[in-house]
Amino acid sequence: MKLDRKLKVAVLGATGMVGQRFLTLLEEHPWFEVSVLAASPRSAGKTYEEAVGGRWKLETPMPGRYQAMQVRNVNEVDAISQQVDFCFSAVDMTKEEIRGLEEAYARRETPVVSNNSAHRWTPDVPMVIPEINPQHFEIIRDQRKRLGTRRGFIAVKPNCSIQSYAPVLAAWKEFEPYEVIATTYQAISGAGKNFSDWPEMKSNIIPYIGGEEEKSEKEPLKLYGRIEHGEIVPALTPKISCQCIRVPVLDGHTAAVFVKLRKKTDRETLIRALEEYAGLPQRLELPSAPKQFIRYLREENRPQVREDVNLENGMGISVGRLREDSVYDWKFVGLSHNTVRGAAGGAVLCAETLTALSYIEPKEAGR
Ligand SMILES: NC(=O)c1ccc[n+]([C@@H]2O[C@H](COP(=O)([O-])OP(=O)(O)OC[C@H]3O[C@@H](n4cnc5c(N)ncnc54)[C@H](OP(=O)(O)O)[C@@H]3O)[C@@H](O)[C@H]2O)c1
């Protein structure tokens with residue numbers, strides 16, 4: 001796809017861990033350029049380098065082009081909206097504040113593509129993994145009616161924890177998964193932390209992540225749902241039960257999953273369904289789309305975080321150890337990058353899909 005000019009973007013929450021990931025992913029982006037960095041009033045007025053201080057959390061250095069940019073207050077909605085075509089949101093505020101902030105941008109005709117959970121269950125807000133349910137973006141028409149906007153809307157991506165198994169269940173849709181048990185082993189960057197600011201996580205496991213189990217059980221059902229009377233109605237199956245465990249890993253959420261399928265099949269057919277599963281991002285060859293969304297690894301000791309988390313620049317899902325189970329039908333292990341596919345990268349792919357489908361356009365396009 002050829003754009004007349006790059007779309008101007010604000011990153012709300014630019015100083016945080018997901019914000020930092022956004023900036024590195026967007027540094028050389030062919031369609032989007034970051035023109036506003038925004039964070040809390042504490043950071044506003046400082047250069048990005050000063051505002052982040054010692055809080056730069058990625059292994060790659062802070063990109064030079066952002067260091068001297070002045071950070072804005074996310075609450076300057078009018079002024080920021082005038083400068084950008086759309087924004088990415090990854091702010092740590094109360095859910096009520098986030099809902100208000102994101103709606104304020106949408107009402108100022110500035111589309112919001114969000115990492116936050118605040119709007120995931122708003123019935124006319126699409127929650128999308130672009131390979132799985134890009135058709136849910138059609139609900140934006142109804143949302144715009146509610147908001148009274150021409151071009152403003154909110155779209156969200158789902159929680160990082162589900163990305164290691166929800167794509168697998170989607171790839172096996174024709175075999176009708178109906179009961180799923182998953183245990184996730186989640187990296188500390190999912191809490192916005194690394195080992196220097198969370199030393200208690202060294203050699204440790206914490207069997208609790210607030211709110212995560214409910215998200216892991218319910219969010220896939222919204223992805224697999226359908227649009228009806230201006231709302232997304234979640235699917236009723238599969239029933240998912242999940243335990244979420246924090247483990248001493250920096251990046252990469254692993255899931256150990258058991259699944260029952262109504263339609264019986266064999267292992268090679270299931271592996272082929274994973275390897276052949278592709279969606280709109282692959283067909284449109286979007287800039288951040290992995291060439292192969294799900295890769296199956298046949299070695300007995302894979303996927304491993306250190307070996308496999310960066311598959312397809314962190315946008316691919318690795319799956320292995322598929323075998324028959326004596327209680328459930330099948331079991332497998334999945335792995336995804338939680339701050340790339342599970343956060344900033346997933347949101348960038350949503351924005352690319354929205355741009356390709358003309359939901360996001362340059363402001364002068366006059367919608
Ligand atoms: N980490 C992940 O893997 C992940 C995955 C999916 C979703 N998320 C979600 O994404 C959001 C950000 O996560 P994170 O890990 O990047 O958090 P974080 O590192 O704590 O960053 C939070 C960001 O929000 C800003 N902020 C904090 N309080 C604010 C306020 N009162 N008003 C305006 N801005 C404020 C911070 O600005 P200052 O620097 O100025 O304080 C910072 O830019 C959270 O909602 C989180 O649940 C995270």
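Quick caveat: nothing in here was measured; it's all calculated off a predicted structure. Atoms within a ligand are numbered from 1 in the order they appear, just like the ligands themselves.
Electrostatic pairing of Glu228 and Arg226 counts as a salt bridge here, judged by a charged N lying under 4.0 Å from a carboxylate O. With salt bridges taken as basic N to acidic carboxylate O contacts below 4.0 Å, none links Glu109 and Arg151. Taking the charged nitrogens against the carboxylate oxygens, Arg141 and Asp124 have no contact shorter than 4.0 Å, which rules out a salt bridge. One finds no salt bridge joining Asp325 and Lys260 here, because no Lys/Arg side-chain nitrogen approaches an Asp/Glu carboxylate oxygen to under 4.0 Å. Looking at Asp329 and Lys264, a side-chain N of the basic residue comes within less than 4.0 Å of a carboxylate O on the acidic one, giving a salt bridge.
For ligand 1, one of its N or O atoms has an N or O atom of Arg55 under 3.5 Å away. Below 3.5 Å of separation, one finds an N or O of Gly13 facing an N or O of ligand 1. Residue-to-ligand polar distances place Ser40 within reach of ligand 1: an N/O pair is separated by less than 3.5 Å. Checked by distance only, ligand 1 and Ala343 stay at 3.5 Å or farther apart across all their nitrogen or oxygen atoms. Taking only nitrogen or oxygen atoms, main chain and side chain alike, Ala38 does not reach within less than 3.5 Å of ligand 1. By the 3.5 Å distance cut-off applied to N or O atoms, Gly16 is counted among the residues near ligand 1.
The distance from the SG atom of Cys350 to the CZ atom of Phe137 is 4.5 Å, given to the nearest 0.5 Å. With rounding to the nearest 0.5 Å, the separation of CD in Gln143 from CZ in Phe153 is 8.0 Å.
Shortest contact from atom 16 (O) of ligand 1 to any protein heavy atom: Val18 N, 2.8 Å. Given atom 28 (N) of ligand 1, the protein heavy atom at minimum distance is Asp92 O, 3.1 Å. The nearest protein atom to atom 45 (O) of ligand 1, hydrogens excluded, is given as Asn116 OD1, 2.7 Å; this is a heavy-atom distance. Among protein heavy atoms, the minimum distance from atom 1 (N) of ligand 1 is reached at Ser189 O, 2.9 Å. Nearest protein heavy-atom contact of atom 15 (O) of ligand 1 is Gly192 CA, 3.3 Å. Looking only at heavy atoms of the protein, atom 12 (C) of ligand 1 is closest to Ala90 O, 3.4 Å. When only non-hydrogen protein atoms are considered, atom 9 (C) of ligand 1 lies nearest to Asn115 O, 4.0 Å. Shortest contact from atom 43 (O) of ligand 1 to any protein heavy atom: Thr15 OG1, 2.6 Å.
Per-atom contact check: atom 5 (C) of ligand 1 touches the protein, criterion being a heavy-atom distance below 4.0 Å.
For ligand 1 and Ala39, the ligand atoms under 4.0 Å from any heavy atom of the residue are 34 (N), 37 (O), 40 (O), 43 (O). The atoms of ligand 1 that sit less than 4.0 Å from any heavy atom of Asn338 are 3 (O). Close contacts between ligand 1 and Val74 involve ligand atoms 33 (C) [criterion: under 4.0 Å to a heavy atom]. When each atom of ligand 1 is checked for a heavy atom of Ser43 under 4.0 Å away, the hits are 38 (P), 39 (O), 40 (O).
Counted within 6.0 Å of CD on Glu200, heavy atoms from surrounding residues, nucleotides or ligands total more than 12; the atom is thus considered enclosed.
A salt bridge (charged side-chain N to carboxylate O under 4.0 Å, His left out) with Asp85 is found for exactly one of Lys6, Arg108, Arg5, Lys8, namely Arg5.
For residues 304-317, the salt bridge (charged side-chain N to carboxylate O under 4.0 Å, His left out) pairs, not counting sequence neighbours, are Arg295-Asp308, Arg302-Asp308.
Nearest to atom 30 (C) of ligand 1 by heavy atom, out of Lys95, Gln20, Met93, Gln186, is Met93.
In this structure a side-chain-to-backbone donor-acceptor pair under 3.5 Å is present from Lys363 to Val84.
A heavy-atom separation below 4.0 Å is not found between Glu97 and ligand 1.
Ring-plane geometry between Phe86 and Phe32 is classed as perpendicular, the angle between the planes exceeding 60 degrees on a 0 to 90 degree scale with a lower cut at 30.
Between Phe175 and Trp330, a ring centre-to-centre spacing not shorter than 6.0 Å is recorded.
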